[in-house]
Structure formats: structure tokens, C-alpha cells
Protein chains: 2
Amino acid sequence: MTSPLYAQVKEHILEHIRSGAWTPGTRVPSENELVESFSISRMTANRALRELTADGFLSRVPGVGTFVKEPPARSSLLELRNIAEEIAARGHKHAAYIDRRETIEAPQALADEFELRQASKLFHLVMVHTENGVPVQLEDRYVNPFVAPKFNDQDFADITPTAYLVAAVPVDELEHTVEAIMPTVEQRELLDIGEHEPCLALHRRSWSKGHVVTVATLIYPASRYALYSRYKTSPSGTLSQ
Amino acid sequence: MTSPLYAQVKEHILEHIRSGAWTPGTRVPSENELVESFSISRMTANRALRELTADGFLSRVPGVGTFVKEPPARSSLLELRNIAEEIAARGHKHAAYIDRRETIEAPQALADEFELRQASKLFHLVMVHTENGVPVQLEDRYVNPFVAPKFNDQDFADITPTAYLVAAVPVDELEHTVEAIMPTVEQRELLDIGEHEPCLALHRRSWSKGHVVTVATLIYPASRYALYSRYKTSPSGTLSQ
DNA sequence: AAGTGGTCTAGACCACCAG
DNA sequence: TGGTGGTCTAGACCACTTT
């Protein structure tokens, strides 16, 4: 039941990065040093370092060495990723608190967004997510109680709302809108930012079997977060125009 | 001047996928078959298939084989879209003018973004795109002259820089970063917006055959533009792992 | 000259799946 | 039982950078 050797080496290096022992710029052991200390072959050491490099944790310079990379504070765009895991992947500490939690009667505009023909009740949750104690995301979320009836029973201490919903409801379809905004006074206070700092607002709707599951607005202070994506072009080749 | 063997094998497989010869679900040659047909060792064949799997093009099932994967659902937010066609699709009139055009010696930070080991020359272009006469996008672009040597011969009257590059250079990989910014005075004047209006900054890099083609920053006034995407989640439960 | 990463080989053992 | 992928080894040659 032991994991592969190259995975153990990767984990060993990630531990040192996560713990802060190896900060960005630090030189990590060379392939030959790993061969000695782990009693493995060079190909195995090479695979561990090569994969960590592909994943963006390390950078390598032929003839010089392998170094810890600066972890960018950015979130993957368009995937349903868990901010807690994203922060953990950077070796930082995630925490969150609930600012507001209620069940409301949906006003017309919200009922439209949920594609509900008649007004109904919705769960409403406002949370602040912090990275090493600094607020990085304000989550303002409405949830359809017919699709996720147990959403309001969660305390979200160990699991984020996104993670809960992904696990509880299969998502068929996603809609994202990204815009730059000047936050309101309330938003500014919750995020603890200055008066003229713009924010990124990511508006997300998700569907499951034709029903809107949740409508969420995720607000990121511009100085603390950017949205990121990188991918290989699909070989079918059709880059639109 | 020859590329590594594992890269040649990857390219060989991608060609078949791109051409449509191998459709999703098709079984690709096994490691042993590649060993024979390419006269390589199994480790080299393994690396090619493993990396294509990590990049999302193939899926592997131990004891069974390796198969072409369904292309992932991508959002238009992440595609290379041509702002001229986007505006035309809304029935509006697109126009653009060149604010600046030059060839510069790349400073270190830019050389790093282009993954150039030593400083070199770069094309630099600043354009303003308007929709019905209103500025909607400020395009600030650097281009690698080794990859697109004729970029500077274009006048971009009938074709946007994005459209030219897509046609001239096959794009393998894309990176996007989105952030909210407060524009500089110069940017504000070019976009003709008020003093406290935030903007969306879309930072894009594209690669072709391992070389960075272009680094572009596209700035959109918050009041005039939002980025949007909607897509179906690809049928999950595929043979991941 | 010594050390680094980049690649490659020709074997090997294993767990798994199919006929 | 034979083919598949998953992993690993102990060598090797190369281009490169640092000392």
C-alpha cells in the first residue's frame, strides 16, 4: 500500500515548500543528491522534479540547479475549484467565517436568475475567505433549496460551500461572467481594503439537470488575487477565427 | 536540430488526432507497438503517452489500452476571440487605430515572460479598438519577431493583430490572467473614461511549438465590457486516473 | 574539471484485464 | 496466458554552467 517512489519524492519536496522551510528561490536537492538520500535511480528523481516543474512548483536551469518557484496568488478560471485547496496548494493557511446566513423570499430579479417561474425561498450565505489571515474572497451565494435541501445544515467549517455543492449535486453546466467593480462600502469593510481599490467580480451560475443550483458572486481584491488559466489547445484545432 | 524522441512521438499522435484520423474513443498504439514502430525504448514511449495523458488528450486504462479522449468543454472566455468579429456579431461597428508601434530591446522582465534566455528585440504595438466609436479595448502587445517575423509589415486595417497571429502561427497553448486594475492616466485618456472607473485587464500569452509567440494585455473599461462564458460540463466519470 | 539538468536505453517486476 | 499500463533500475552520452 505504499505510493510510488517518485510520488514520495514529490511529496517530500512539497512538504518542505508547504511548511515554509524552502522558500521561493531556494535550491532544492539535485537529481544526484536525491538518488543518494532516497536510494533511488536517477530516472525516478528526474521524474519527481520534472513533474513538480510542470505543475509550476519548481523551475529548472540546466547546468545550475532546481529552485522553488514563487507561488502566484491566482485562481483557476472556469473550473470549479475550491479556494481552500488553492490556498493550501500555495502552502498558505485558509480560513473562512460566515458573515450572514438566512433563508429569503426571492425577489423577482433573483427568481429570474434561478429560472423559477414563481417566487420561492432561497438560501443565502455570505462568507469571507482569508489566506494567512488576509481576506482574499468575498462569497455571496444563493442556493436553490429544492436542488440542495441540506445546504443550510452545513456549518462549512471543514468544507467550503463550493466543495459541498460539487459533492452533493452533479453539475451539468456552468456560466461565468467576470467584471471589474468598485466595491460597495460593506464589501470594502468585509475585505478590509482601501477606498479606491478595484475588485474582480466573478459571477457564477451552475445547473444540474436543467435546474439552477446556485448563483454566486465571488469578489476578489485586485491587489490580492487574479484569475488564471493555462491549457493546451485542443488538437481538433478549431481556435475560433 | 532534431527534437527529442518522446516529443516526436507526441507530435505523431497529435497529428492523427488533429487530422481526425483518430477520433475520441479510438485506441492509440500501445507502448510496445510504439517501441517497435519508432525503434525506441519503452520508457520513451511511456513518457510520450504519459505526458499526453497529463495534458488531457488521452486516457489510459491499465490492462486495456490508451484511448483518445473527448475534447474538454471550453469557454469562449478562454478562446482566442477576435474583437472585431465579436463586435460585428452584435451588429455594431468596429474600428481601431494604432497608438504606438515600435521595435524595442526587451528588458529583463519581458525577456522572462518570453522565456528568452538572453535579451532580444521584440515588436511592440498599442492599439485602441472602438465599438460604434466608443473605445472598448486597449491592446498592448509584444510579439516575438523570430516566430512572427512579418508581424510588423501588417497595417492591421482589415485584420486585427489577434486574427493575423492566429492565421500566421499555429497556437499550441494559451495562458490567461484576469485582474481588476485602476488604469494609468495614459490608459484612461486612450479609453476616454472617468477618473475612478476600474478596468478589466486580460493578460494573455500564447505558445507555438514551445516558443512564446506573443504577450498581450487587453484592457476593458468596466462600464463597457464584461467577460462571459457558458458551457456544458464534459461528461464526467470518464476514465480518469 | 565537476556538477547540473535533458535524454535515452535495455532490461526488469508487478497488477490488471482479456479471451 | 499474453498483452496492457505502472513503475523502477543502472548504466550512458550530451550540452551547459560554475568554479
Side-chain angles (χ1 to χ4, degrees), chain A residues 1-13 17 22 24-69, chain B residues 1-13 17 22 24-69 108 111-112 115-120 207 209-211 237-241:
Chain A
M1 205 48 209
T2 62
S3 60
L5 291 177
Y6 75 89
Q8 295 178 31
V9 176
K10 286 175 71 172
E11 198 46 46
H12 172 259
I13 292 169
I17 296 176
W22 294 347
T26 304
R27 186 179 169 284
V28 307
S30 72
E31 298 187 356
N32 286 325
E33 288 165 349
L34 290 172
V35 165
E36 285 235 344
S37 58
F38 281 85
S39 300
I40 56 180
S41 76
R42 211 195 124 202
M43 278 299 277
T44 302
N46 174 272
R47 177 168 177 183
L49 293 179
R50 179 156 39 82
E51 291 191 356
L52 287 175
T53 303
D55 292 343
F57 294 109
L58 304 177
S59 73
R60 317 194 74 181
V61 184
V64 181
T66 304
F67 305 88
V68 177
K69 233 185 168 178
Chain B
M1 197 49 199
T2 63
S3 57
L5 291 178
Y6 75 89
Q8 295 178 32
V9 176
K10 286 174 71 172
E11 197 47 46
H12 172 259
I13 293 169
I17 298 177
W22 293 348
T26 304
R27 186 179 169 283
V28 308
S30 73
E31 298 186 357
N32 286 324
E33 288 164 349
L34 290 172
V35 165
E36 284 234 344
S37 58
F38 281 85
S39 300
I40 56 180
S41 75
R42 211 195 123 201
M43 278 299 279
T44 300
N46 174 272
R47 177 167 177 184
L49 294 180
R50 179 156 37 82
E51 290 190 357
L52 286 175
T53 304
D55 292 341
F57 297 122
L58 303 176
S59 73
R60 316 194 76 183
V61 184
V64 180
T66 303
F67 305 89
V68 177
K69 223 180 170 183
Q108 189 58 46
D112 286 347
E115 297 174 347
L116 295 168
R117 284 216 256 162
Q118 53 194 15
S120 90
W207 282 259
K209 294 175 183 155
H211 300 287
T238 39
L239 322 135
S240 55
Q241 302 220 357

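Proteins get letters first, then strands, A, B, ... in listed order; numbering begins at 1 in each.
Looking at residues 39-52 of chain A, you'll see A:Ser39, A:Ile40, A:Ser41, A:Arg42, A:Met43, A:Thr44, A:Arg47 sit with a heavy atom under 4.0 Å from some atom of DNA chain D.
Taking atom CD of A:Glu33 as the reference point, atom P of C:dA2 lies 17 Å away to the nearest angstrom. Rounding to whole angstrom units, CG of residue B:Asn32 and P of D:dG3 are separated by 9 Å. For the pair B:Phe67 CZ and C:dA18 C1', the computed distance is 12 Å after rounding to whole Å. Rounding to whole angstrom units, CG of residue A:Leu58 and P of C:dG6 are separated by 11 Å. Taking atom CZ of residue B:Arg27 and atom P of nucleotide C:dC17, one finds them 16 Å apart after rounding to whole Å. Residue B:Glu31 contributes atom CD, which lies 10 Å from atom P of D:dT7 at whole-angstrom precision. Between the CZ atom of A:Arg60 and the P atom of D:dA15 there is a distance of 19 Å, rounded to whole Å. The distance from atom CZ of B:Phe38 to atom C1' of C:dT9 is 17 Å, rounded to the nearest whole Å.
Contact annotation: A:Tyr6 side-chain N/O to D:dT7 OP1/OP2 distance is under 4.0 Å.
Between the B:Gln8 side chain and the B:Ser3 main chain, a donor and an acceptor come within less than 3.5 Å of each other. A donor-acceptor contact shorter than 3.5 Å links the side chain of A:Thr53 to the backbone of A:Leu49.
A cation-pi arrangement, defined by a distance under 6.0 Å to the six-membered ring centre and an angle within 45 degrees of its axis, is present between B:Arg47 and B:Tyr6.
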Exercise. Walk me through it: do A:Glu36 and A:Arg42 pass the test salt bridge (Lys or Arg N to Asp or Glu O under 4.0 Å)?
Key: CA-CA 9 Å; A:Glu36 285 235 344; A:Arg42 211 195 124 202; over 6 Å; no

Practice problem: Please lay out, stage by stage, how A:Arg27 and A:Glu33 fare under the test salt bridge (Lys or Arg N to Asp or Glu O under 4.0 Å). | Solution: CA-CA 12 Å; A:Arg27 186 179 169 284; A:Glu33 288 165 349; 3.8 Å; yes

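Residue A:Thr66 is the one, among A:Thr66 and B:Leu5, whose nearest nucleotide of DNA chain C lies closer to the 5' end (criterion: closest heavy atom). Projected onto DNA chain D by closest heavy-atom contact, B:Ser30 and A:Pro4 fall at different nucleotides, the more 5' of which corresponds to B:Ser30.
Residues B:Ile17 and B:Leu58 form a side-chain contact, since some pair of their non-hydrogen atoms from C-beta on lies under 4.5 Å apart.
Look at A:Arg50 and B:Glu51 and you find a salt bridge, because one of the NZ, NE, NH1 or NH2 atoms lies within 4.0 Å of a carboxylate O, short of that distance.
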